[in-house]
A.B. asks: 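Before anything else, here's the structure in question.
The figures that follow rest on heavy atoms only: side chains count, while hydrogens, waters and symmetry mates do not.
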Amino acid sequence: MSDEATNDLVDGALADEIELVSDLVVAASTSPRHFTPEEVDALLGITGGEVEVPSGREPAS
């Protein structure tokens with residue numbers, strides 16, 4: 001495989017997001033109930049303030 005092909009997926013922000021999602025999946029798989037939005041925020045390390053919602057999308061309720 002060429003060096004160019006191995007560098008295609010090198011993205012620090014993407015790696016951080018994948019790690020956060022995997023942490024959330026592990027936590028959810030060990031819980032017998034759904035998480036509240038506040039618990040999800042805590043698991044993702046979001047503390048207070050507004051969460052940026054991508055344009056054209058509504059926040060989940």
A.B. asks: Hey, any chance Val21 and Phe35 share a hydrophobic cluster, counting ILVMFWY side chains that come within less than 4.5 Å of each other, even indirectly?
C.D. replies: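 No; tracing contacts between hydrophobic side chains, which count when under 4.5 Å, never links both residues.
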A.B. asks: Output side-chain donor-acceptor pairs under 3.5 Å for residues 23-32, partner residues at least two apart or in another chain, one line each.
C.D. replies:
from  : atom 1 : to    : atom 2 : distance (Å)
Ser29 : OG     : Val25 : O      : 3.3
Ser29 : OG     : Val26 : O      : 2.8
Thr30 : OG1    : Val26 : O      : 3.4
Thr30 : OG1    : Ala27 : O      : 3.0
Ser31 : OG     : Arg33 : N      : 3.3
Ser31 : OG     : Arg33 : O      : 3.1

A.B. asks: Drop me the distance from Glu17's CD to Leu44's CG, to the nearest 0.5 angstrom.
C.D. replies: 10.0 Å
